[in-house]
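Working notes for the structure below.
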Number of protein chains: 2
Amino acid sequence: MSNSNPATIEDVARIAEVSIATVSRAIHTPEKVANSTRLKVSQAIAITGYTTNAMARSLRLGRSNMILVVAPDIGDPNFSNILVGLENEARSHGYGVLIGHTQNDAQRGLEYLKFLNSNQAAGLILFTGILPFGHQTMTARLPPSVGVFEPVFNGGIPYVGVDDTEGARKVVDLLLAEGHRKIAFIGDSRTRLAYSRRRMGYDAGLDAAGVPNDLRTIFEGDGTIESGRLAVEQLFMRDTLPTAFMCVNDQTAIGVMIGLGARGYDIPRDFSVTGFDDVPQASFMSPALTTIRQPRTLIGKHAMALLLELLSDGQPAETEILLRPDLVVRNSVAAPSRQWIKR
Amino acid sequence: MSNSNPATIEDVARIAEVSIATVSRAIHTPEKVANSTRLKVSQAIAITGYTTNAMARSLRLGRSNMILVVAPDIGDPNFSNILVGLENEARSHGYGVLIGHTQNDAQRGLEYLKFLNSNQAAGLILFTGILPFGHQTMTARLPPSVGVFEPVFNGGIPYVGVDDTEGARKVVDLLLAEGHRKIAFIGDSRTRLAYSRRRMGYDAGLDAAGVPNDLRTIFEGDGTIESGRLAVEQLFMRDTLPTAFMCVNDQTAIGVMIGLGARGYDIPRDFSVTGFDDVPQASFMSPALTTIRQPRTLIGKHAMALLLELLSDGQPAETEILLRPDLVVRNSVAAPSRQWIKR
DNA sequence: TTGTATGCGTTATCAT
DNA sequence: ATGATAACGCATACAA
C-alpha cells in the first residue's frame, strides 16, 4: 500500500492535483482553502498515509513542539510521577515530551545541548540541581527552561517544587511534639539546594523549641540507601546517640531503618525515623514510614504550565512556585525510648 | 561573545574566509582539506561556538544518529539499569539515546511514531511487550528495531533478554529440592510473552518432578505489588493452601510478602516466596528475596549492539539473544512448614 | 585543494 | 482561492 519511502507533501499534492502550498494550507489553515479542495487533499493524505516531516517543519519554523526533560538519574523514585504530570500538561497543549538521561555525565549533557541548539526541542525541563552541561553552558544560550523537584543551583532558572523548608519544619515539629530532643539530621553533603532547605527547616524547628546546639547531630550523606545505613554505623560509634533520625529523604530513611534493624533495634520503639518525599515504597515498609508527601504529578503539571507560558510570553510569571508539603503520619515515629532518654 | 542566534556553517565560513563546503569537509573529512585551511576553520569554529545543526544535517542525510527508546512505564525498576547498558553501548558508537514514555497510551505512541517517520531517530528500542503505536503500525514502516527485556508480541522483531523459561525452571527446582510440592504460581494475565515463558518453566519443572495437576495453583495477576497482595487474599479463601508462592516477578513477590505479613505469617518459616528479576529492592527486604537475576546492563548492551548491527548490515545476525538467568538464593525460601504439609 | 550549486521537506511571502 | 518560489542549515556531486 505504501511506497518504501514515506510520503512527502509533494506526493499528496500530486494525487490531490493541487500545489504543495495548498496542501500545507489545507493542513494548517483549513479555513483558507475551498471545501472541495480540502476534501481532495484529505483523501490524498489518507491514501498516502502522509505524516508531516517534523524535522523539516522545525527546520523551516526554527522551533519544534517537543520539550526535552533532562534527568541525571532516571531511576529516582520521584521521577516517574513527576514525568507523568509534565507529559499530561504538555500534551494538552500540543507538545510532546522527550527524555534525556545524563547519568551525571557532562559529556552526555553536551549531547542534549546540541539537540537543543538544533531547535529540536522548544523548551527544557531540568530534573537536576545543577546544569548538566558542563562549563560550556555558561555561554551557551539555553531555550526557555524550568527546574523541577529541586532548584537549579547555577542557573537563575524558574523553579517548581515543594516547600522544602516548611516540610522539614513539619517533621521536626512532629518529633518535638512526641518528646524528642536529640534529633539527628541525616543529610546530603552535595551542594543541593533542596537539601539545604530541608536542613534549614530542621534548624528552625529546633531553634524555636529551644533545643541547644550540642543536642543536634548532622550527618553528611549523599541521599542514598547506602548513605542511610552508613549513618547509623557512624553514629553508633559516638558516645551519644539521638532518639530520632530525621532523614533528608526516604531513601536515606530506608537505609537508616535497615541499619537499625540489622543491629536488632525496633522502630519506633527504640528509635524514631522520618523521611521526606513519600516514595511509593515508603508505605509498604514495616513499619510504614512517616514522611512528607511530594505532590509529584502536580509539580510536573505546574512546571510544564510555567514552561509553556515562558514559551509564549517570554517572561516568567513567577520565578518560584512552592507547593504545600503534607505530613504523612505512619508508624515509624513514637515517643523516645526510656533507654536513651536518660543518660 | 555569541550572537543572539546560534552560529551557522556560513558564519564559520565567512570568518575562516572559505566556502561552506570547505567548512563541512573540514569537519567530516579533514583529510581532504589542507592543513592551513583546516586550522583557519577550527579557529573560526572556536570563535563562533559553532555546533552543527543536527536537524538540518539529518534532513539532508535522511538519517540521524539518535536512537529512540520507547517504554510504557519508565518507573519499572528494571528500566533504569537496562537503559544504562543501552546508552553506554550507543555512545561508544557515536549514537545518542532519547527516551519516549507512552504510559501505555497509543496516542502517545503515535507521537513517537511521527518522530521516527521524520528520520529523527535512526533506530528503535522497544521496552514493551506489544508495539505501542496502535493499529496504524501494521502498515507503517518502522526503522530497525530491537525488543528488550520482554519479547515484542506482534512484531517479528529481534529480541534480547534473559532466558525466562530456564530462569523459572531454576526457581521451581529449588523449591522442589526444599521439599515443596504445592507450589502456587502467581502470574500475569496479560498476554505477555515473558510471563508465559516463565509459566512454562514452572510447568516443566513440576512435570519433571511428577507433581500432579491438582497440586498446582495458578493465580492470574498483573505483575504489580497490589496484585501479589490480592493473590494471597484470594488463595486464603480456598480450602487448600500452597506451601510456596512462586511469583512471576519481584513486584508480585513483594506484594505476596506484604499480604502474608499482614496475616501474621513468618517467611520463610510458614511459607516460601520467590520472585524474578532481582530488582534493587529485593535485597533490602526482610527476609531478602530469593529470585532470578536479570543481567540488566548486559541486556541493554547486547540489544544496542544488535540494533547498531542492523543499522549497518540491514540483516539481523540472530533473531533472539537469550542471556543466562542466575539464581540468587537469599532468605525467603525454606522447607515447607509442617503445619501445612500434612493436610 | 577548493568553490558553486542543488536538494532534503516544509512553511510563508508574494503573485495571480 | 490557489500557485510559484525562496529560505531554513547542511552535505555532496560536479567543476574548476
Side-chain angles (χ1 to χ4, degrees), chain A residues 3-42 44-45 48-66 114-122, chain B residues 3-42 44-45 48-66 114-122:
Chain A
N3 294 331
S4 64
N5 293 335
T8 73
I9 200 171
E10 284 201 80
D11 299 324
V12 176
R14 194 178 327 109
I15 292 186
E17 295 177 307
V18 296
S19 74
I20 62 169
T22 300
V23 175
S24 181
R25 273 190 294 256
I27 295 172
H28 299 290
T29 52
E31 70 278 7
K32 287 189 173 182
V33 68
N35 284 331
S36 55
T37 45
R38 194 178 357 180
L39 184 63
K40 286 194 298 182
V41 170
S42 55
I45 288 179
T48 55
Y50 169 74
T51 296
T52 125
N53 183 316
M55 199 163 38
R57 177 170 214 268
S58 298
L59 179 61
R60 175 61 231 256
L61 258 34
R63 60 187 160 78
S64 90
N65 63 152
M66 285 283 174
K114 283 170 64 176
F115 188 80
L116 292 166
N117 275 340
S118 309
N119 291 315
Q120 294 188 82
Chain B
N3 293 331
S4 64
N5 292 336
T8 73
I9 199 172
E10 284 200 80
D11 299 325
V12 177
R14 196 177 326 111
I15 293 186
E17 295 177 308
V18 297
S19 74
I20 64 168
T22 300
V23 174
S24 180
R25 274 189 293 255
I27 295 173
H28 296 107
T29 52
E31 70 278 8
K32 289 189 172 182
V33 66
N35 284 330
S36 55
T37 44
R38 195 179 358 185
L39 184 63
K40 286 193 297 178
V41 169
S42 54
I45 288 180
T48 55
Y50 170 75
T51 295
T52 124
N53 184 316
M55 197 164 40
R57 177 168 214 268
S58 298
L59 179 62
R60 172 65 229 258
L61 257 35
R63 62 188 159 78
S64 90
N65 64 152
M66 285 284 173
K114 284 169 63 177
F115 188 81
L116 292 166
N117 275 339
S118 308
N119 291 315
Q120 295 189 78

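Computed from a predicted model, the values in this text were never measured in an experiment. First the proteins, then the strands, lettered A, B, ... as listed; each starts at 1. All heavy atoms count here, side chains included; hydrogens, waters and symmetry mates do not.
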* Asked: Across the strands shown, which category fits A:T29 at heavy-atom distances under 4.0 angstrom: base, sugar-phosphate, nothing?
  -> nothing
* Kindly state which residues belonging to residues 13-24 of chain B come within less than 4.0 angstrom of DNA chain D, counting heavy atoms of the residue only, listed by number. => B:I20, B:A21, B:S24
Enumerate, atom names and distances included, each donor-acceptor pair closer than 3.5 Å involving a side-chain atom of residues 16-27 of chain B, sequence neighbours excluded.
from, atom 1, to, atom 2, distance (Å)
B:S19, OG, B:A21, N, 3.4
B:S19, OG, B:T22, N, 3.3
B:S19, OG, B:T22, OG1, 3.3

* Asked: Taking CZ from B:R63 and C1' from C:dG9, how many angstroms apart are they, rounded to a whole number?
  -> 18 Å
* Contact class for B:T52 vs. all strands (heavy atom < 4.0 Å): base, sugar-phosphate, or nothing? -> sugar-phosphate
* **N/O (side chain, B:S58) to phosphate O (OP1/OP2, D:dC10) under 4.0 Å** => no
* Asked: Touch check for A:L59, heavy atoms < 4.0 angstrom, all strands: base, sugar-phosphate only, or nothing?
  -> base
* Asked: Between B:A56 and B:N35, who's closer to the 5' end of DNA chain C by nearest nucleotide?
  -> B:N35
* **Under-4.0 Å side-chain N/O to phosphate OP1/OP2 contact, A:S118 with D:dG9** => no
* Would you mind reading off the distance between B:N65 atom CG and D:dC10 atom P, rounded to a whole angstrom? => 14 Å
* Structure fact -> With the side chain defined as heavy atoms from C-beta on, B:N53 is closest, among C:dT10, D:dG9, C:dT2, to D:dG9
* To do: Measure from the side-chain heavy atoms of A:L61 and tell me the nearest of D:dG9, C:dA12, C:dT1.
  => C:dA12
Heteroatom pairs (N/O) under 3.5 angstrom, protein to nucleotides 14-16 of chain C:
none

